Protein chains: 2
Amino acid sequence: MNRFLGHMTNRIDAKGRVSVPAQFRLIVQSAGHTELYALRSLHLPALDVGGPELLTRFDKTLESADPFAETADDMSFYLHADGSFLKLDADGRITVTDFLREHTGISTDVTFAGANTHFQIWQPDQFEAHRSKVRARLAEKRRLETS
Amino acid sequence: MNRFLGHMTNRIDAKGRVSVPAQFRLIVQSAGHTELYALRSLHLPALDVGGPELLTRFDKTLESADPFAETADDMSFYLHADGSFLKLDADGRITVTDFLREHTGISTDVTFAGANTHFQIWQPDQFEAHRSKVRARLAEKRRLETS
DNA sequence: TGGGGCACTATGGGCGTCAATGGGATTAGA
DNA sequence: TCTAATCCCATTGACGCCCATAGTGCCCCA
């Protein structure tokens with residue numbers, strides 16, 4: 001199954017590296033890629049990550065948009081300036097740069113969370129907080145609908 | 001990956017030089033160029049920079065336009081008068097001239113930002129300001145669309 | 001069915017290479 | 001001649017590439 005699913009937390013070592021979970025790694029590597037594309041989420045303190053084709057997918061939608069609209073400029077800037085490639089080393093690790101830390105608050109541990117076509121990178125506590133918030137929202141929604 | 005992506009900030013030394021990030025440099029140099037073409041952005045306090053073929057690319061779109069149209073004259077003037085070549089030295093640095101400083105407000109540090117087919121040069125604070133403005137606009141747009 | 005071994009993941013660390021930066025020396029230009 | 005650009009080299013800190021180890025789950029075979 002080549003979908004990103006589940007979540008797990010790994011430790012950052014003394015050199016600032018962290019292992020990308022093998023499950024996730026395999027999906028990207030089996031597509032022949034040795035690097036990841038990471039984008040700072042607009043509304044969450046997390047990064048959306050996937051293979052380089054993730055960027056290509058976004059670029060495609062950009063091309064079809066009106067190139068003179070201000071939104072197109074904004075989108076391009078967001079995708080390219082606020083995004084980054086993360087190189088996977090031979091052991092399937094990435095180095096946690098300030099680019100990641102600033103946006104997520106990551107310091108010593110990283111939570112990887114599947115999101116079907118891509119995955120996310122979180123600071124563990126933030127992830128847990130977000131997770132319970134989402135669960136609460138869904139439960140509340142269900143309660144309203146069934147009452 | 002031969003795309004300009006991500007952003008990083010480098011320091012200007014006592015002689016007014018600054019290193020162009022290796023990632024970006026490699027893309028230009030692998031195309032066999034030792035100098036860059038820089039153009040003052042119309043809407044932003046930044047410069048659009050790329051290999052000399054960037055100018056060629058702009059020229060091409062000009063040729064296809066009516067040479068007697070006023071906008072074509074304006075464009076040509078803009079491309080050539082408001083543009084400049086930047087020489088890369090042996091170590092991959094450029095000298096930060098007044099041409100750069102005036103338009104961007106750069107003084108001690110330079111932020112390089114990827115823009116897919118080319119990259120941009122910013123004064124770090126200006127870049128950060130623009131970045132959060134873009135994020136705010138996109139987030140707002142998304143909020144309107146999903147509500 | 002239980003035990004042993006194999007495979008693999010996460011993690012730690014050594015080491016060489018390269019990028020970013022600083023500065024001296026030489027050359028060209030005003 | 002004085003200033004500014006260019007070339008060359010040194011330093012240092014980060015990163016890539018390599019290998020080692022411990023823990024774990026799985027499979028196979030007795």
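Letters A, B, ... mirror the listed sequences (proteins, then strands); counts begin at 1. Computed from a predicted model, the values in this text were never measured in an experiment.
Side-chain atoms of B:Arg25 lie closest to C:dA19 of the nucleotides C:dA19, C:dT9, C:dT21.
Counting to the nearest Å, the P atom of C:dA10 and the CG atom of A:Leu88 are 12 Å from each other. Atom pair A:Asn10:CG and D:dA22:P shows a separation of 20 Å (rounding to whole Å applied). Residue A:Met8 contributes atom CE, which lies 12 Å from atom P of C:dT9 at whole-angstrom precision. The CG-P distance, from A:Asp109 to C:dA10, rounds to 14 Å in whole Å. Between A:Phe112 atom CZ and C:dT9 atom P there is a gap of 15 Å when expressed in whole angstrom units. The CD-C1' distance, from A:Gln23 to C:dC8, rounds to 13 Å in whole Å. For the pair A:Ile94 CD1 and C:dT11 C1', the interatomic distance rounds to 15 Å; values are reported in whole Å.
The residue B:Ala22 sits close only to the backbone: its heavy atoms come under 4.0 Å of sugar-phosphate atoms, none of a base. Base contact: A:Arg93 has a heavy atom under 4.0 Å from a base atom.
In terms of position on DNA chain C, the residue among B:Ser19 and A:Thr9 whose nearest nucleotide sits closer to the 5' end is A:Thr9.
For B:His118, the ring pair (Phe, Tyr, Trp, His ring centres under 6.0 Å) test picks out no residue, with sequence neighbours left out.
Ion pair B:Arg131/B:Glu128 flagged as a salt bridge, since at least one NZ, NE, NH1 or NH2 atom sits closer than 4.0 Å to an Asp/Glu carboxylate oxygen.
Residues B:Phe127 and B:Phe112 place their aromatic rings such that the two centres sit no closer than 6.0 Å.
For the atom pair A:Met75 CE and A:Thr61 OG1, the distance stands at 5.5 Å (nearest 0.5 Å). To the nearest 0.5 angstrom, B:Gln120 atom CD is 11.0 Å from B:Leu39 atom CG.
Under the 6.0 Å distance and 45° angle rule, B:Arg40 counts as a cation-pi partner of B:Phe99.
B:Asp91 contributes no side-chain N or O that forms a donor-acceptor pair with the base of C:dC18 under 3.5 Å.
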Sub-3.5 Å pairs of nitrogen or oxygen atoms, protein against nucleotides 11-16 of chain D:
| unit_1 | atom_1 | unit_2 | atom_2 | d |
| --- | --- | --- | --- | --- |
| D:dG16 | O6 | A:Lys15 | NZ | 3.1 |

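In the hydrophobic clustering (ILVMFWY side chains linked at under 4.5 Å, chained through shared members), A:Leu26 stands by itself.
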